[in-house]
Amino acid sequence: MSHIHINLDHVTFSYGKGQPVLNDLCLSAAEHDSIGIIGANGVGKSTLLKLLVGLELPDQGEIRIEEIPLKKQTLQKIREKIGYVFQDSESQLFMTTVEEDVAFAPRNYGLPEEEVSRRVDAALKRVHIEHLKGKSIYRLSGGEKKLVSIATILSMTPDIILMDEPSVALDPQNRRNLIHIIREFEHLKMIASHDLDFIWDTCERTILMNDGRIVWDGPTEEIMRNEKLLTENGLELPLSLSRR
Amino acid sequence: MNQAIRELQSLESLSKEDRWVNNLHPLVKLFVTALFLVLTVSFDKYNLAGLLSMAVYPLVTFTIADLSFADALKRLRYVLPIVCVVGIFNPFFDRDIVMQVGSLAVSGGVLSMLTLMGKAILTVLAGYLLIATTSMERICLGLRMLHVPSLLVTEILLIYRYLTVLLKETRRVTNSYALRAPGQKGIHISAWGSLAGLLLLRSMDRAERLYESMQIRGFHGEFYTGRQESMKKADWIYLAVWTAVLCALRFLPLTAVLGGWIA
Ligand SMILES: Nc1ncnc2c1ncn2[C@@H]1O[C@H](COP(=O)(O)OP(=O)(O)OP(=O)(O)O)[C@@H](O)[C@H]1O
Ligand SMILES: [Mg+2]
């Protein structure tokens, strides 16, 4: 049995007193899973990822990460294992320079300074943005911000990565590079995206959401060819297929 | 707006440059700044000459920190006039003549006005020097070392970050307004209410996400700057010299002594 996994048991969640955004969700993911989360705008993909890092807590049901129940008391421990890339990378970066932002997490973990700078260099190298190291966050382009925010989580060396729309704003070359990075990452990863081709390239398993529920869960290959299911849920065939 | 953001950024990058004043221990700089403020403010309201001698601190610090005084004045151009207004009514209340400069009779009011202005300007300059040579994170670190509660220090840091967020959001909102209302000067008064409300909501939202981003990357109210933060010899010397100089300027009758020499 593998270690690193996620378990959601009948999770229901709503913002404030409104309609539930996630409705009685059950899901389990194992160590080497690569999971794409797809669905139309507003179906609750980002919300699901936020719950997994404890930025929101479920109203009902339980979330377990590596057998640890996600609660206020266990948040710190759980968050050290998870790297989460925000949908909006503007909000993810807050230090003055790229270097400091990427070093933020390892420093918070109290690592010695040589190790911090080693990790910073490695993370920057991995996303091919060594040249941005000393640059001010304020002066980055949209895509560069995205790459930096990916580097900020790679420097945490997480066990699990969660990414919300990682391919948005990337040029073709950086997009391809990101696909490589994600494929190389050997542990559990979950990626929410509208970019079905990207999901296809990075994830073996796909979850289709609609209205706060999981409508379909299975091999990516299968769902990507199921035009009926996709259109019923407000999506379209991946470009690479529909062109053929 | 753009300019405000840029200036905030450039001030911040200034504080991160590798100059020896920047590298001094944050506690030392906090202490010297605090001491300077207390001593400056404590001058008698007619003691303009004594007060002026305190200008040694900003003058010397600007020089040794290799900061541009002109830039500082430019950045403080909105603040300085405001603080200068503080004593403006004193001349009307206090008309006794206390001093004769040549044929000009100086009333107590004028003198106390000048003193008050001097105090305000020196205070602002000292604050500027602290910020320009010490990054916010290191100031926060210094405060934590003084056992200021971490909640309060986090709050200070977040307010500081929030300022940037607010400025950026403001720019975005005004830009998108301007693009959809071409040919209009400024923002029509009818839109102020909704824009201000929107701005508040959006910037709060953004600030919250920033805080979330800090949290999920292991922030728990402690600050790590990645430097060796123990007091070094240079720190002790800096501390000792300024404490001695500032106290001497404040408590020894230096101006009288100097005046005696000249006379
Ligand atoms: N902070 C919030 N407060 C209240 N409602 C929210 C909040 N964030 C999201 N929602 C609502 O929750 C629902 C799900 O939002 P979520 O962001 O999870 O969707 P999504 O699937 O990520 O959409 P997208 O594809 O557009 O990113 C939406 O109806 C949205 O309006
Ligand atoms: Mg989303």
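Since the model is a prediction, treat every value here as computed from it, not as a measurement.
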Item checked: Residues of residues 199-211 of chain B within contact distance of chain A, non-hydrogen under 4.5 Å -> B:Arg206, B:Arg209, B:Leu210

Check: Does A:Met156 reach the side chain of B:Ile216, with side-chain heavy atoms less than 4.5 Å apart?
Finding: no

Item checked: Between CG on residue A:Leu75 and NE2 on residue B:His220, distance to nearest 0.5 Å -> 9.0 Å

Notebook entry, point to check: Does the distance from a Lys or Arg side-chain N to an Asp or Glu carboxylate O, for A:Glu90 and B:Arg172, drop under 4.0 Å?
Noted result: yes

Margin query: Check this for me: A:Asn7, atom CG, are more than 12 non-hydrogen atoms of other residues, nucleotides or ligands nearer than 6.0 Å?
Written below: yes

Check: Is atom CH2 of B:Trp20 surrounded by more than 12 heavy atoms (other residues, nucleotides or ligands) closer than 6.0 Å?
Finding: yes

Table please: side-chain donor-acceptor pairs of residues 55-63 of chain B below 3.5 Å, with sequence neighbours left out.
unit_1: B:Thr61; atom_1: OG1; unit_2: B:Tyr57; atom_2: O; d: 2.6
unit_1: B:Thr63; atom_1: OG1; unit_2: B:Leu59; atom_2: O; d: 2.7

Notebook entry, point to check: In terms of heavy-atom proximity below 4.5 Å to chain B, should A:Thr96 be classed as side chain, backbone, both, or neither?
Noted result: both

Notebook entry, point to check: Can you pull out the residues in residues 115-126 of chain A with any heavy atom less than 4.5 Å from chain B?
Noted result: none

Next item on the list: May I ask you to check whether over 12 heavy atoms, not counting those of B:Leu146, lie within 6.0 Å of atom CG?
Entry: yes

Notebook entry, point to check: Around atom CD of A:Gln19, are there more than 12 heavy atoms of other residues, nucleotides or ligands at under 6.0 Å?
Noted result: no

Margin query: Quick check on side chain to side chain contact (heavy atoms under 4.5 Å, CB included): which of A:Glu80, A:Gln92, A:Arg79 does B:Arg217 satisfy it with?
Written below: A:Gln92

Item checked: Heavy atoms from other residues, nucleotides or ligands near NE2 of B:His147 exceed 12 (cutoff 6.0 Å) -> no

Margin query: Test: ring pair (Phe, Tyr, Trp, His ring centres under 6.0 Å). Region: residues 67-113 of chain A. Which pairs qualify, not counting sequence neighbours?
Written below: A:Tyr84-A:Phe86, A:Phe94-A:Phe104

Checklist line | Contact class of B:Met136 relative to chain A, heavy atoms under 4.5 angstrom | finding: neither

Notebook entry, point to check: So, for B:Ser213 and A:Ser91, which heavy atoms are closest and what is the spacing to 0.1 Å?
Noted result: CB-O, 3.9 Å

